[in-house]
Amino acid sequence: MPELPDVELFRQILEKHGLGKKIVGVDVSDARILGKLTSRDFTHRLVGKKLVEARRHGKHLLAKIESDGWLTLHFGMTGGLEAFAGQEAAPPYSRVSLDFVSGGHLAYTNRRMIGRVGLTPDADAFIAEEKLGPDALGGEFTLARLQKAAAVSRRDVKSFLMAQEIVAGIGNIYADEILFQTRLHPNTLTSAMTPQQLEALYRAIGTVLKAAIKAGAGAEQFGERAPKGFLLPERKKGGHCPRCRTTLALLKSGGRTGYFCPRCQTETRT
DNA sequence: CGTTATGTTCGATG
DNA sequence: GCATCGAACATAAC
């Protein structure tokens with residue numbers, strides 16, 4: 001479930017359960033998640049250290065290791081981060097877990113193994129290497145920046161929103177929600193959008209993501225808690241527009257399925 | 001059994 | 001160069 005709001009909640013979990021406590025053990029139950037890094041090297045770099053800072057950029061979570069670089073976490077489509085107590089068993093699909101001196105643990109879970117856990121010397125350099133644009137909720141993502149990017153891009157607005165090098169943190173689900181709130185058709189070309197539309201888009205990015213974090217995100221369970229007027233709970237086959245009750249339309253692109261209201265979100269292409 | 005899935009990357013193609 | 005499409009990755013859940 002990890003798009004920006006989900007990863008932000010993981011960041012809060014990490015902050016609450018993983019900072020300032022000495023790591024006394026590391027359990028790598030599936031080393032594939034580490035890529036080329038060996039579990040031995042990974043473990044040796046963490047044991048005996050503390051995590052001292054939790055930072056998020058887009059869909060990436062970074063934890064500063066006491067005087068030794070950063071731990072990096074990316075969640076793919078099915079990843080997560082969970083804290084669990086001493087005697088409890090690790091959660092399902094746990095791939096890496098950290099054991100703290102307090103007896104608590106933190107587990108990185110990932111059913112489909114699409115995702116990465118790694119180490120990097122420097123957080124800013126890592127963000128640059130990953131070619132990540134400004135975080136969607138960060139101060140560097142200004143309206144002016146969005147306007148400039150939209151003017152030169154030849155993409156449609158949905159793939160624009162999901163392009164991490166343009167703005168980091170938005171995926172398929174929240175792109176649909178943001179476009180719904182802005183009443184924009186997913187295929188609208190950003191270069192053809194009016195200043196008013198771009199401003200509305202910019203505002204919706206902030207309000208949607210913040211509302212999702214506040215509501216506790218977590219796409220599946222999110223249904224009940226979704227803010228009023230959100231598309232999300234209806235975002236399924238046969239779902240209805242929260243505004244006009246029209247049956248939602250589906251649109252496939254790049255192997256992804258998008259949902260939108262064919263009546264409220266009108267085509268503005270060409 | 002077939003389809004689909006919250007992400008990203010790579011190669012082919014337009 | 002740029003954009004889009006499908007496939008691939010790995011593993012369920014429906």
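Order of the sequence lines sets the chain letters (A, B, ...), proteins ahead of strands, with each chain counted from 1. Worth knowing before you read on, the calculation uses all heavy atoms, side chains too, and leaves out hydrogens, waters and symmetry mates.
Between Arg32(A) and Asp30(A) a salt bridge is recorded (basic side-chain N to carboxylate O distance below 4.0 Å). Salt-bridge annotation for Arg56(A) and Glu8(A): present, with a side-chain N of the basic residue lying under 4.0 Å from a carboxylate O of the acidic one. The pair Asp176(A)-Arg256(A) does not meet the salt-bridge criterion, since no charged nitrogen lies less than 4.0 angstrom from a carboxylate oxygen.
Across all strands, Gly171(A) comes closer than 4.0 Å only to sugar-phosphate atoms, never to a base (heavy-atom distances).
Nucleotides of DNA chain B nearest to Lys252(A) and Gln164(A) differ in position, and the one nearer the 5' end is that of Lys252(A). Residues Val152(A) and Gly255(A) each lie close to DNA chain C; by heavy-atom proximity, the contact nearer the 5' end of the strand is made by Val152(A).
Looking only at distances, a side-chain donor or acceptor of Thr72(A) sits under 3.5 Å from a matching main-chain atom of Gly118(A). No side-chain donor-acceptor contact under 3.5 Å links His185(A) to the backbone of Leu179(A). Counting only distance, with no hydrogens or angles, the side chain of Arg145(A) and the backbone of Gln147(A) share no donor-acceptor pair below 3.5 Å.
Nucleotide dG7(B) holds its C1' atom 14 Å from the CG atom of Leu4(A), rounded to whole Å. Taking atom CZ on Arg235(A) and atom P on dT4(B), their separation rounds to 14 Å, with Å as the unit. In this structure, CG of Asn110(A) is placed 12 Å from P of dT8(B), rounded to the nearest angstrom. In this structure, Asp6(A) atom CG and dA5(B) atom C1' are separated by 14 Å, rounded to whole Å. Atom CD in Glu165(A) sits about 12 Å away from atom C1' in dA3(C), given to the nearest Å. Summarising the geometry, the separation between CE on Met162(A) and P on dG7(B) is reported as 7 Å, rounded to the nearest angstrom. In this structure, the NZ atom of Lys59(A) is 10 Å from the P atom of dT9(B), given to the nearest Å. We find that CG of Leu132(A) is positioned 14 Å from P of dG7(B), with the value rounded to whole Å.
Under the Watson-Crick or G-U wobble criterion, with both distances below 3.5 Å, dA10(C) has no partner in any strand shown.
Atom name P, nucleotides dG1(C) and dT8(B): the rounded distance is 24 Å, in whole Å.
Partner of Glu15(A) under the side chain to side chain donor-acceptor pair (under 3.5 Å) criterion, chosen from His17(A), Gln12(A), Arg11(A): Arg11(A).
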### nucleotides 7-14 of chain C: protein proximity per nucleotide (B base, S sugar-phosphate only, - neither; heavy atom, under 4.0 Å)
--BBBSS-
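The phosphate of dA5(B) has OP1 or OP2 within less than 4.0 Å of a side-chain N or O from Thr257(A). A sub-4.0 Å separation between OP1 or OP2 of dG7(B) and a side-chain N or O of His74(A) is absent.
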